[in-house]
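Following: one structure in structure tokens, then a few remarks.
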Amino acid sequence: MHLMTALLWGLAGGSALLVGTLLGWFTRPPARVTAAVMAFGSGVLVSAIAFDLMDEALHKGGLLASAAGFLAGAAAFTGGAVILANNGARHRKRSNKSNAATASAALVIALGSVFDGIPESMVIGLSLLEGNGVSIPIVAAIFLSNVPEGMSSTVGMKRAGMSFGYVFGLWTAIALLCGLGAVGGYLLFDNAPTQYIAVAQGVAAGAMLAMIADTMIPEAFDETHNAAGLITAAGFTTAFILSHAFS
């Protein structure tokens, strides 16, 4: 039962990539609207990291395990992000700066989406280990952050002359991987010692915070400027309320 739940919620988060694909192929939403969504999603994710991940990791495994996992996750994500940036995926979440002028660069951005989705989807699976259901704020934040990501790469793939069938099929495969990642997060740590779960939650939280700073905040500030802080705070408050309403 939990495996199916993890799969379905993982697919729900990954389905946002398909929404972004359709928007990127058939429409061009205003950059300010997309940036506002990214700012709101950033606030939601920060709140989810603080109250749903790190606080839970602290109670499970203590300060050392959760902090060590957090720093390890941030370092691992940063190292991978540097490699991806050097190969053309620097703006993989930047809907108004699609640098995927070639097919290869667009595919690297798609690969970057898989990389971003690893900690996100694992968190969905980890949130089910307590038996209290999935973390709604985390799923909502993942959904909001994935829409511009799918949009950005799709615009570049369309410019590179790829067919709609190929592009939509590629993002469908990535969305399915998000679902499998959630299942993997649950299976890997089901019945594991609480210290291991705490480290895993810390790793996922650290990677997600590094991803927010590296990819989402720049997009949010690019177009919303002075409003970015207020919109991010609104996202944080919304997630804070949801976190306590569903606890």
Side-chain angles (χ1 to χ4, degrees), residues 13-14 16-17 20 24 31 34-50 52-54 67-100 105-124 137-138 140-156 171 174 177-178 181 200-225 227-229 231-233 235-236 239:
L17 294 169
T34 304
V37 171
M38 193 67 83
F40 190 86
S42 298
V44 173
L45 269 180
V46 170
S47 178
I49 289 169
D52 290 349
L53 282 177
M54 289 304 292
F70 186 86
L71 292 175
F77 181 90
T78 300
V82 169
I83 295 173
L84 287 169
N86 291 336
N87 286 276
R90 182 178 301 276
H91 300 303
R92 58 190 178 278
K93 285 187 186 284
R94 309 291 287 278
S95 60
N96 62 334
K97 287 190 177 181
S98 178
N99 60 343
L107 291 174
V108 170
I109 292 178
L111 178 62
S113 300
V114 176
F115 177 72
D116 292 340
I118 291 173
E120 294 176 347
S121 56
M122 284 191 66
V123 163
I124 293 176
I138 287 178
I142 290 172
F143 190 94
L144 288 174
S145 70
N146 279 341
V147 171
E149 187 162 1
M151 188 189 312
S152 176
S153 188
T154 296
V155 170
W171 286 106
I174 294 174
L177 287 175
C178 290
Q201 288 176 319
V203 167
M208 288 171 66
L209 187 61
M211 182 268 291
I212 293 169
D214 184 59
T215 63
M216 295 178 69
I217 295 298
E219 162 79 353
F221 184 77
D222 250 10
E223 295 293 333
T224 58
H225 299 300
I231 297 171
T232 303
F236 183 95

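Position 1 is the first residue of the sequence; numbering continues from there. Here the structure is a predicted model, which is why all the values come from computation and not from measurement.
Between the CG atom in Leu17 and the SG atom in Cys178 there is a gap of 5.5 Å [rounded to 0.5 Å]. One distance of note links CG of Leu209 with CG of Leu45; it measures 9.5 Å at 0.5 Å rounding.
The heavy-atom pair separating Val44 from Gly235 by the smallest distance is CG2-O, 3.3 Å. The heavy-atom pair separating Pro218 from Ile212 by the smallest distance is CD-O, 4.1 Å. Minimum heavy-atom separation, Gly202 to Met54: CA-SD, 4.0 Å.
Within the 4.5 Å cutoff, the side chain of Met208 has heavy atoms near those of the Leu53 side chain.
With Phe40 as the partner, the side-chain contact (heavy atoms from CB on, under 4.5 Å) test is satisfied by one option alone out of Thr232, Ile231, Thr224: Ile231.
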Practice task
Output, in order, the C-alpha distance, side-chain angles, deciding distance and verdict of side-chain contact (heavy atoms from CB on, under 4.5 Å) for Val37 and Val147.
Solution key: CA-CA 9 Å; Val37 171; Val147 171; 5.6 Å; no
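Distance alone, capped at 3.5 Å, is enough to place a donor-acceptor pair between the Thr78 side chain and the Ala74 backbone.
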